[in-house]
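Note that the structure is a prediction, hence the values are computed from the model and not measured. Proteins come first, then strands; the chains are lettered A, B, ... in the order of their sequence lines, and each starts at number 1.
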2 protein chains.
Amino acid sequence: MDLISFMKSYVDLTPEDEIYISQFLKVEQYGKGDIIRQPNTKSKIIHFIEQGYARNFYEKNGKDITYFFLKENTFTLPVDAVYFNDPTKYGLQAEEDLQLTSFMYSDFHRMIERVPGILHLYEIEMAKFIRQLSDKYYLIQFQPALERYNSMLEKYPDILLHVSLGHIASYLGITQETLSRIRTK
Amino acid sequence: MDLISFMKSYVDLTPEDEIYISQFLKVEQYGKGDIIRQPNTKSKIIHFIEQGYARNFYEKNGKDITYFFLKENTFTLPVDAVYFNDPTKYGLQAEEDLQLTSFMYSDFHRMIERVPGILHLYEIEMAKFIRQLSDKYYLIQFQPALERYNSMLEKYPDILLHVSLGHIASYLGITQETLSRIRTK
DNA sequence: GATATCTTTTGACCTGGATCAAAAAACGCT
DNA sequence: AGCGTTTTTTGATCCAGGTCAAAAGATATC
């Protein structure tokens, strides 16, 4: 779904609103494995994923670790950079061929000034993100590896179809080898 | 700091605005250990902590686990209940004598209608929360126990002064015994 | 200020999952 | 189809931190 249609499922937009908003948006295509945003940058760009899966990742002791998976119809932005002007440690990478709409956070606030309802949409999207982050946290705080994997199977079975097992392992806070052993059961 | 003063540090409020907002607010006092919200409820109340420290907690296999610490001048609300009408697993408890201001999420939106700037304040508070949650997540995804504790010492030394070690251990995703052993170094 | 309760520390033991290494399988690419 | 690259599996070893149990220290209560 494109961003304008997504917005229209929450708030009414006049044709003029659409034109106004569109001027700030840039539709982009990426291929599997492409880096959309490098880690440790201060980019203040918001991405809306229209098609395909992506992930946030960071590097720790030379290891690539997945922080979050992003599916279609979700927003992603580097909170550290946008709100606190600090570099984010999280990069953004396409897990498969990807189409997304990008826009500056500052322009986003112009859209909100014109169509205040968008801020409410944004509030709900932030709430969704917090919820997912909380669930994720709950998962790794005290659950053994098997339960982490089962819980993921149950909650996000779609992700398994779009990303490699190595990425899932680090997302779950376990090694690839452990994940492999768990899966043979 | 009381909530009205806190708001005024972000947005301008006329005396009439203050009166309007105040009608929705309830100031409450709690003693150390008091449960402010039980786990598994659908409460849609937002709390603003004016004085003292609190924590979110949940129960897992008969064990009490700390999910988050809350300090003065922060908001806390059960995201699952407020935004998705699901019960939250997280309860809210006073770590020490506490003063807080409570209000309904629905009334909060009335305040925003009257003073739209409050939504921007709220946006920033949500961003702060996401950031803390991300940091927390980073901490436990692959860090060994010692680094978790050191990182906490560095980032939130104040919390150590207000809560018991058992609560800190579960917050860090380790056992009390391990924390104790780490600290003797 | 003695007793009950809660919190923290110490000790002994054990296990889940990490690490290192290498084989096997899957996936491009020309 | 065949060859290089990446991903996944399998095997052997090891250790950080969990578990259980009990002592020692704090705190609160009458």
(message) Counting only heavy atoms not in A:Lys60 (residues, nucleotides, ligands), do more than 12 fall under 6.0 Å from its NZ?
(response)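 It does: A:Lys60 NZ has more than 12 such atoms within range.
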Report which part of the nucleic acid [X] touches: base, sugar-phosphate, or nothing (heavy-atom distance under 4.0 Å, all strands).
X	value
A:Ser180	base
B:Leu179	nothing
A:Gly173	sugar-phosphate

Hey, is the side chain of [X] poking within less than 4.0 Å of OP1 or OP2 on [N], counting only N and O atoms?
X	N	value
B:Lys63	D:dG18	no
B:Thr175	D:dG17	no
B:Lys32	C:dC6	no
B:Thr178	D:dG18	yes

(message) For A:Ser170, is there any backbone N or O sitting under 3.5 Å from a side-chain donor or acceptor partner on B:Gln141?
(response)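 Yes: the side chain of B:Gln141 pairs with the backbone of A:Ser170.
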(request) Could you work out which one of C:dT8, C:dC20, D:dG18 sits closest to the side chain of B:Ile174? (result)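 Shortest atom-to-atom distance from the side chain points to D:dG18.
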(request) Quick one: closest heavy-atom pair of A:Ala145 and A:Ile182, and the distance? (result)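 In terms of heavy atoms, the two residues are closest at CB-CD1, 3.4 Å.
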(message) Without decimals, in angstroms, what is the distance between A:Tyr149 OH and D:dT8 C1'?
(response)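 The answer, rounded to whole Å, is 13 Å.
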(request) Evaluate the salt bridge (charged side-chain N to carboxylate O under 4.0 Å, His left out) criterion for residues A:Arg131 and B:Asp86: first the C-alpha distance (whole Å), next the side-chain angles of each, then the deciding distance (0.1 Å), finally the verdict. (result) CA-CA 11 Å; A:Arg131 192 159 124 114; B:Asp86 292 332; 3.0 Å; yes
